[in-house]
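Structure first, commentary second.
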Amino acid sequence: MADQLIRATAAEGGIRAVGVITTRLTEDARQRHKLSYVATAALGRTMTAGLLMASGMKRVGSRVNVRVKGDGPLGGILVDAGLDGTVRGYVGNPSIELPPNAKGKLDVGGAVGKGYLYVVRDIGYGYPYSSTVELVSGEIGDDVAHYLVNSEQTPSALVIGVFVGAGGVTAAGGLLVQVLPKAARDEALVTKLESRVAALSGFTPLLQAGKTLTEILKDLLGDMGLTIFPESQMLRFHCGCSFDRVLGALKILGEAELQDMIIQDDGAEATCDFCGKVYQASSDHLAQLIVDLQTEASVFG
């Protein structure tokens with residue numbers, strides 16, 4: 001199945017649900033960054049969570065930045081996800097590998113460790129909204145759900161997962177279900193929903209069993225007045241880096257540093273952290289940057 005996102009409501013608009021499949025984009029990230037098993041699971045879960053959070057934003061161009069900073073050997077995670085369905089991200093130590101946890105699963109919590117989750121929401125104008133919560137488990141899903149409840153005051157259930165084998169990522173995705181204010185006082189509804197989400201055996205087993213997002217939502221909310229929006233949104237790993245941006249960053253270094261790069265290295269090499277793409281700037285490129293700096297100095301000096 002293609003990577004995609006679908007939206008739905010239930011309980012006369014009192015419940016908001018979003019489901020995503022992120023298998024291909026997680027495999028893309030695994031290959032780009034040469035990720036280990038546990039690093040793949042950690043980054044895949046965080047990218048999935050970022051896309052789920054971004055899906056609730058309204059303004060075109062809105063994006064969510066999710067940063068997980070723990071004291072574990074993974075060295076942190078940074079993800080940038082947009083309402084447009086694009087996502088990118090990386091981990092601090094892509095090669096780290098750990099033994100399975102007590103449940104026999106990839107030990108993402110052990111790789112992340114203790115620390116904090118930072119979320120920045122940029123709606124395209126004004127100051128971005130930022131919030132920080134302490135990590136609950138380092139397993140990402142629990143931590144993002146904790147953030148939604150405490151920072152956004154929205155009762156939320158989040159189920160995310162990544163299954164990665166010897167051949168790469170074969171299943172990844174997630175489900176976000178939120179009880180909106182108009183239904184939050186219905187304790188019976190909230191209890192029923194919590195029970196059903198808790199009964200799920202994870203998300204990737206459902207995908208591996210051949211379930212579609214529509215079928216998963218129908219199984220969960222089909223008797224609660226479920227309405228699935230007809231439009232599905234395609235998702236993909238995408239980075240907006242470019243050679244021009246690299247040159248702009250090099251220019252900030254100043255004339256002396258650029259001249260030293262020409263003499264010592266006959267150019268410069270830069271790698272994008274988000275997507276792993278390598279850019280080569282020749283000595284001629286650097287020389288032109290120096291000319292630009294000198295021209296600007298003479299104009300504004």
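The basis for the numbers below is simple: all heavy atoms, side chains too, and nothing from hydrogens, waters or symmetry mates.
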Answer yes or no: is there a donor N or O on one side and an acceptor on the other, between the side chain of [X] and the main chain of [Y], under 3.5 Å?
X	Y	answer
Glu97	Val38	yes
Thr26	Thr22	yes
Asn93	Gly75	no
Gln233	Asp84	yes

**Report entry** Hphob cluster co-occupancy, Phe163 + Leu200, side-chain heavy atoms under 4.5 angstrom
**Finding:** no

Inspect the contact between [Y] and [X] and indicate whether a charged nitrogen and a carboxylate oxygen are less than 4.0 angstrom apart.
X	Y	result
Lys218	Glu215	no
Asp219	Arg196	no
Arg88	Asp80	yes

Query raised in the report: Does a sphere of radius 6.0 Å around NZ in Lys114 hold more than 12 heavy atoms from other residues, nucleotides or ligands, not counting ones at 6.0 Å or beyond?
Result: no

Query raised in the report: Does Tyr116 OH have over 12 foreign heavy atoms under 6.0 Å away?
Result: no

Query raised in the report: So Phe229 and Ile6, side-chain contact (heavy atoms from CB on, under 4.5 Å) or not? Walk me through it.
Result: CA-CA 7 Å; Phe229 298 170; Ile6 65 172; over 6 Å; no

Heavy-atom pair with the smallest gap, counting every atom of [X] and [Y]:
X	Y	result
Leu250	Ala281	CD1-CB, 3.9 Å
Met57	Ser62	CE-CB, 3.5 Å
Lys251	Leu258	CA-CD1, 4.5 Å
Val64	Gly50	CB-O, 4.5 Å
Leu117	Tyr147	CD2-CB, 3.7 Å

Is it true that [Y] and [X] share a donor-acceptor pair across their side chains at a distance under 3.5 Å?
X	Y	result
Ser55	Arg16	yes
Asp284	Gln288	no
Thr86	Arg63	yes

Query raised in the report: Checking side-chain contact (heavy atoms from CB on, under 4.5 Å) for the pair Ile216/Phe203: CA distance, chi angles, key distance, verdict?
Result: CA-CA 9 Å; Ile216 293 171; Phe203 196 81; 4.0 Å; yes

